[in-house]
Student: 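Would you mind keeping the following structure in view while I ask a few things?
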Amino acid sequence: MRVRVRLFAGLREVAGADHLDVELPRGTTVHGLWQKLVAGNQKLAAYGSSVQFAVNHDFVRSETELSPDDEIAFLPPVSGG
């Protein structure tokens, strides 16, 4: 199945893209997708403990199973003032 990954802020900079289209086996969770992304780019691992995620614009838990054509957003913590 194919999903679209949207990356924001520092994640976008590390990955060098604001989105990725990723092929996954059925039954993959958000956590499984994150692990696949980190395996392809170890620099993403630094964000692992603080990244938030949403599927189709709804915040979800890492155990959420993905479906074909889902849009998954990975959001690092942000700061500013």
Side-chain angles (χ1 to χ4, degrees):
M1 73 176 172
R2 182 175 291 265
V3 298
R4 172 152 290 192
V5 177
R6 309 260 319 157
L7 302 166
F8 295 90
L11 295 173
R12 178 180 53 224
E13 293 172 20
V14 169
D18 64 353
H19 75 274
L20 305 167
D21 291 322
V22 180
E23 280 291 329
L24 299 169
R26 287 193 182 271
T28 300
T29 63
V30 172
H31 179 71
L33 170 58
W34 177 252
Q35 288 179 317
K36 180 179 176 91
L37 295 177
V38 170
N41 185 338
Q42 284 295 310
K43 292 179 182 178
L44 293 172
Y47 293 92
S49 64
S50 59
V51 71
Q52 292 186 320
F53 22 82
V55 175
N56 301 324
H57 306 283
D58 292 321
F59 285 99
V60 298
R61 299 177 61 118
S62 64
E63 301 86 20
T64 299
E65 192 172 305
L66 300 172
S67 298
D69 301 318
D70 276 349
E71 181 180 76
I72 302 89
F74 288 102
L75 306 137
V78 294
S79 63

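Please read all numbers here as calculations on a predicted model, not as lab measurements.
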Student: First locate atom CD of Gln52, then atom OG of Ser62, and finally report the distance between them rounded to the nearest 0.5 Å.
Tutor: 12.0 Å
Student: Between Val22 and Ile72, is there a shared hydrophobic cluster once you connect ILVMFWY residues whose side-chain heavy atoms come closer than 4.5 Å?
Tutor: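 Same cluster: Val22 reaches Ile72 through Ile, Leu, Val, Met, Phe, Trp or Tyr contacts under 4.5 Å.
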Student: Count the heavy atoms of every other residue, nucleotide or ligand shown that sit under 6.0 Å from CG of Asp21, and state whether that count exceeds 12.
Tutor: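 Above 12, so yes.
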Student: Ring centroid separation for Trp34 and Phe53, is it under 6.0 angstrom?
Tutor: no
Student: Can you find a heavy atom in the side chain of Leu24 that is under 4.5 Å from one in the side chain of Leu33?
Tutor: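 Side-chain contact under 4.5 Å: yes.
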Student: Set out, in order, the CA-CA distance, both residues' side-chain angles and the distance that settles side chain to side chain contact (heavy atoms under 4.5 Å, CB included) for Leu44 and Asn41, then state yes or no.
Tutor: CA-CA 6 Å; Leu44 293 172; Asn41 185 338; 4.1 Å; yes
Student: Is the backbone N or O of Gly32 less than 3.5 Å from a side-chain atom of Thr29, with the two atoms forming a donor-acceptor pair by type?
Tutor: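 Between the backbone of Gly32 and the side chain of Thr29 there is a qualifying donor-acceptor contact (under 3.5 Å).
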Student: For Leu7 versus Ala15, what's the shortest heavy-atom pair and its separation?
Tutor: CD1-CB, 3.5 Å
Student: Under 4.5 Å between side-chain heavy atoms, hopping through other hydrophobics if needed: is there a path connecting Phe8 to Val51?
Tutor: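 No.
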Student: Enter the distance from Asp18:CG to Glu13:CD here, rounded to the nearest 0.5 Å.
Tutor: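 Here the rounded value is 12.0 Å.
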Student: Hydrophobic clusters here meaning ILVMFWY residues chained together by side-chain heavy-atom distances under 4.5 Å, can you tell me if Leu75 and Val3 are in one?
Tutor: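 As far as the 4.5 Å side-chain criterion goes, Val3 and Leu75 are not connected within one cluster.
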Student: Taking atom NE2 of His31 and atom NZ of Lys36, what is their separation to the nearest 0.5 Å?
Tutor: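 Here the rounded value is 14.5 Å.
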Student: For the atom pair CG (Leu20) and CZ (Phe74), what is the distance rounded to the nearest 0.5 Å?
Tutor: 10.0 Å
Student: Between Arg4 and Glu71, does any side-chain N to carboxylate O distance fall below 4.0 Å?
Tutor: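 No, Arg4 and Glu71 are not salt-bridged.
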Student: Using every non-hydrogen atom in the two residues, find where Arg26 and Pro68 come nearest and quote the distance to one decimal.
Tutor: NH1-CG, 3.2 Å
Student: Does Arg2 CZ have over 12 foreign heavy atoms under 6.0 Å away?
Tutor: yes
Student: Between Val60 and Val30, does a side chain to side chain contact (heavy atoms under 4.5 Å, CB included) hold up when you go through it step by step?
Tutor: CA-CA 9 Å; Val60 298; Val30 172; 4.1 Å; yes
Student: Do Phe59 and Leu66 belong together in a cluster built from hydrophobic side chains that touch within less than 4.5 Å?
Tutor: no
